[in-house]
Amino acid sequence: ESLPRLLIAIDEYQQMYLEADGRLCDRLNDAFETIAKEGRAFGVHLLLCSQSPRITDFRESIYRQMAVRMAMNMDRDTASLIMADNNTSVIDYLDRAGRLAYNDRLGKKDYNLIGQVAFVSLEARRAAMETILKKSKSTDFHQSTPTFVFNGISNAKLHHNQEFIKISQSEYWLAPKELNQEFFKEKGWISLEHPCATWAGESMQIGCNVRLVFKRRSRSNLAIIGNTENEIYGILGAIVLGLPQTCSPQRISFQLIDLFLSEEEEAQVLTHFNDAFKDIFDISYGKRFITSGEDVVKANVVWSQVYAEFSRRVQLRSDNPDSIDLGKTIFCVFALGSLSQMDCFRPVAGRISDEISPEATKLLEVASQGPELGIHIILWLSDVKAMQMLFAGKRSAIGNFDHRICLKLSDRDSQDFLGENVAKNLKDSQAYYKDISMPDIPEKFRTYAALYPQQIKHYALRLKERLVLKEE
């Protein structure tokens with residue numbers, strides 16, 4: 001069976017280098033050079049487009065592996081890079097808009113073809129694509145591999161996550177072992193640890209998504225740091241929506257503490273999740289302020305429930321150290337933001353300096369011991385300072401969160417939170433994920449766009465269909 005040809009097209013590829021550190025630049029150069037040298041033998045082709053092709057840290061020997069060059073109006077210095085050194089005079093022919101030089105002999109002087117770029121209207125392009133689509137359908141053509149379109153300056157879309165979509169379309173919930181065998185194929189997956197998988201965003205490694213796996217082992221909690229709330233809505237929304245796709249109602253439950261202040265539709269992601277999924281999963285939902293008619297309780301009530309269940313499980317484990325069945329896995333989603341939203345978590349005055357509050361001490365207990373008992377904390381704070389305040393400067397507190405996600409941070413905060421100062425240059429819709437328990441470097445990704453109520457309802461209806469099929 002012949003393999004399909006793959007075309008990798010990257011527009012404004014210089015942006016990848018402008019945002020990368022030296023180590024990542026080396027990895028980019030190695031990847032480009034390998035594809036440019038060896039790709040065509042395997043049907044893999046590279047198309048690089050840029051208005052600024054002279055790039056710091058770019059390995060210019062890569063250009064020498066690319067036979068076809070197309071150039072428009074440019075200066076002689078750039079022409080010497082894109083074409084051969086003795087072919088800079090080609091720019092004399094590129095004297096008006098749309099004028100193009102085509103050369104398929106490594107830019108050598110005697111092989112220039114001068115032409116004019118055709119103007120194709122939007123309507124004509126759409127008509128051409130419709131014609132191609134109709135032809136593919138008439139010949140019963142089926143694309144063997146999906147087309148990936150990566151836009152590095154906008155939010156990713158959860159429905160483009162093929163792994164998520166395939167799992168959400170399953171007719172029933174797979175047991176952990178079968179789930180990993182069929183979809184994840186992840187090493188270190190131990191079913192007795194009750195692994196629960198979800199997603200946070202689209203990796204910069206095209207075609208991949210950032211997957212988090214919570215396990216019943218110490219420090220298996222998630223801390224999210226960032227003050228751009230639209231990105232936080234997208235991250236939290238995807239995480240809570242992903243868990244029900246991979247874990248049945250018999251396996252997990254949710255304790256949601258929603259302290260988002262914004263009244264925008266996107267900020268109601270936990271409200272919409274509660275409304276859509278409360279008939280399928282056990283969910284307790286708390287907010288700081290409650291309006292008449294809302295099916296919610298005070299945030300501190302939900303937190304009290306979490307700590308009471310934690311204390312019960314601690315006692316069960318104490319009475320029977322070998323006990324495995326402690327109950328469902330509980331996800332306590334704590335959208336705290338700043339400490340002003342729940343005064344009981346603010347530091348209290350001590351003899352010498354501020355001390356950790358009793359409630360924050362309880363949170364630290366749950367974060368420290370809870371994961372092994374099946375209770376995972378998903379904590380959002382606006383910045384590293386808020387985390388330091390929450391735990392009254394206890395630097396060891398962050399060690400209870402193996403899973404870490406951050407938006408743009410200062411060098412110092414990035415070093416403290418991720419162990420590397422890589423988050424300084426993050427742009428809107430970009431974040432870093434780090435699993436501290438693994439030796440991998442932080443993974444850069446695009447955050448998912450905030451989910452709308454109808455999207456959340458759509459996936460809830462699919463899970464209700466699963467329940468119907470299970471009953472039948």
- Test Asn87 against Lys108 for side chain to side chain contact (heavy atoms under 4.5 Å, CB included), laying out the working first. CA-CA 7 Å; Asn87 195 15; Lys108 294 179 181 177; over 6 Å; no
When you compare the side chain of [Y] with that of [X], does any pair of heavy atoms fall below 4.5 Å?
{"X": "Ile257", "Y": "Leu259", "answer": "yes"}
{"X": "Ile375", "Y": "Phe331", "answer": "no"}
{"X": "Leu158", "Y": "Ile165", "answer": "no"}
{"X": "Ile91", "Y": "Met74", "answer": "yes"}
{"X": "Leu336", "Y": "Met387", "answer": "no"}
{"X": "Ile114", "Y": "Leu100", "answer": "no"}
{"X": "Tyr102", "Y": "Met70", "answer": "yes"}

Answer yes if the side chains of [X] and [Y] hold a donor-acceptor pair under 3.5 Å, and no otherwise.
{"X": "Asn103", "Y": "Asn112", "value": "yes"}
{"X": "Ser80", "Y": "Asp85", "value": "no"}
{"X": "Thr78", "Y": "Asp75", "value": "yes"}
{"X": "Gln51", "Y": "Glu12", "value": "yes"}
{"X": "Glu231", "Y": "Asn155", "value": "yes"}
{"X": "Asn29", "Y": "Tyr17", "value": "yes"}
{"X": "Arg251", "Y": "His194", "value": "no"}

For [Y] together with [X], are the ring centres under 6.0 Å from each other?
{"X": "Phe273", "Y": "Tyr459", "result": "no"}
{"X": "Tyr233", "Y": "Tyr448", "result": "no"}
{"X": "Trp189", "Y": "Phe184", "result": "yes"}
{"X": "Phe214", "Y": "His403", "result": "yes"}
{"X": "Tyr432", "Y": "Phe417", "result": "no"}
{"X": "Phe254", "Y": "Phe277", "result": "no"}
{"X": "Trp380", "Y": "Phe260", "result": "yes"}

Salt bridge check, [Y] against [X]: does any charged N sit closer than 4.0 Å to a carboxylate O?
{"X": "Arg395", "Y": "Asp416", "value": "yes"}
{"X": "Asp30", "Y": "Arg59", "value": "yes"}
{"X": "Glu186", "Y": "Arg211", "value": "yes"}

How about [atom1] on [X], more than 12 heavy atoms from neighbouring residues, nucleotides or ligands closer than 6.0 Å, or not?
{"X": "Lys137", "atom1": "NZ", "result": "no"}
{"X": "Arg76", "atom1": "CZ", "result": "yes"}
{"X": "Arg54", "atom1": "CZ", "result": "yes"}
{"X": "Gln454", "atom1": "CD", "result": "yes"}

Heavy-atom closest pair, residues [X] and [Y]:
{"X": "Gly188", "Y": "Lys215", "answer": "O-NZ, 3.2 Å"}
{"X": "Leu270", "Y": "Ala335", "answer": "CD1-CB, 4.2 Å"}
{"X": "Ala431", "Y": "Ile405", "answer": "CB-CG2, 4.4 Å"}
{"X": "Ser50", "Y": "Gln14", "answer": "OG-OE1, 2.8 Å"}
{"X": "Leu418", "Y": "Ala423", "answer": "CD1-CB, 4.5 Å"}
{"X": "Ala276", "Y": "Ile456", "answer": "CB-CG2, 3.8 Å"}

Tell me whether [X] contacts the main-chain N or O of [Y] through its side chain, where contact means a donor paired with an acceptor under 3.5 Å.
{"X": "Thr139", "Y": "Ser136", "result": "yes"}
{"X": "Arg404", "Y": "Ile398", "result": "yes"}
{"X": "Ser368", "Y": "Glu365", "result": "no"}
{"X": "Gln116", "Y": "Ala97", "result": "yes"}
{"X": "Asp402", "Y": "Asn221", "result": "no"}
{"X": "Thr131", "Y": "Ala127", "result": "yes"}
{"X": "Gln455", "Y": "Tyr452", "result": "yes"}
{"X": "Arg446", "Y": "Gln430", "result": "no"}
{"X": "Ser220", "Y": "Arg216", "result": "no"}
{"X": "Gln245", "Y": "Leu241", "result": "yes"}

- Task: Show the numbers, then the answer: is there a side chain to side chain contact (heavy atoms under 4.5 Å, CB included) between Ile441 and Arg23?
- Result: CA-CA 10 Å; Ile441 63 173; Arg23 181 170 51 187; 3.7 Å; yes
- For Leu179 and Gln181, run side chain to side chain contact (heavy atoms under 4.5 Å, CB included): C-alpha distance rounded to whole Å, both residues' side-chain angles, the deciding distance at 0.1 Å, then the answer. CA-CA 6 Å; Leu179 182 69; Gln181 288 176 340; over 6 Å; no
- Query: Among Leu47, Leu48, Leu46, which residue meets the side-chain contact (heavy atoms from CB on, under 4.5 Å) test with Ile8?
  - Reply: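 Among the candidates, only Leu46 passes.
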- Task: Assign the ring pair Phe58 / Tyr13 to parallel, tilted or perpendicular, where the plane angle (0 to 90°) is split at 30° and 60°.
- Result: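 It falls in the tilted class, 30° to 60°.
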- Message: Angle between ring planes, Phe334 versus Phe345, binned at 30° and 60°: parallel, tilted or perpendicular?
- Response: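 Plane angle over 60°, so perpendicular.
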- Query: Do Arg466 and Trp173 meet the cation-pi criteria used here (NZ or CZ under 6.0 Å from the six-membered ring centre, within 45° of the axis)?
  - Reply: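 Yes, a cation-pi geometry holds between Arg466 and Trp173.
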- Task: Would you check, one step at a time, whether the test side chain to side chain contact (heavy atoms under 4.5 Å, CB included) holds for Leu407 with Ile225?
- Result: CA-CA 6 Å; Leu407 304 181; Ile225 300 292; over 6 Å; no
- Query: Checking side-chain hydrogen bond (donor to acceptor under 3.5 Å, both in side chains) for the pair Glu443/Ser203: CA distance, chi angles, key distance, verdict?
  - Reply: CA-CA 7 Å; Glu443 184 173 7; Ser203 173; 2.9 Å; yes
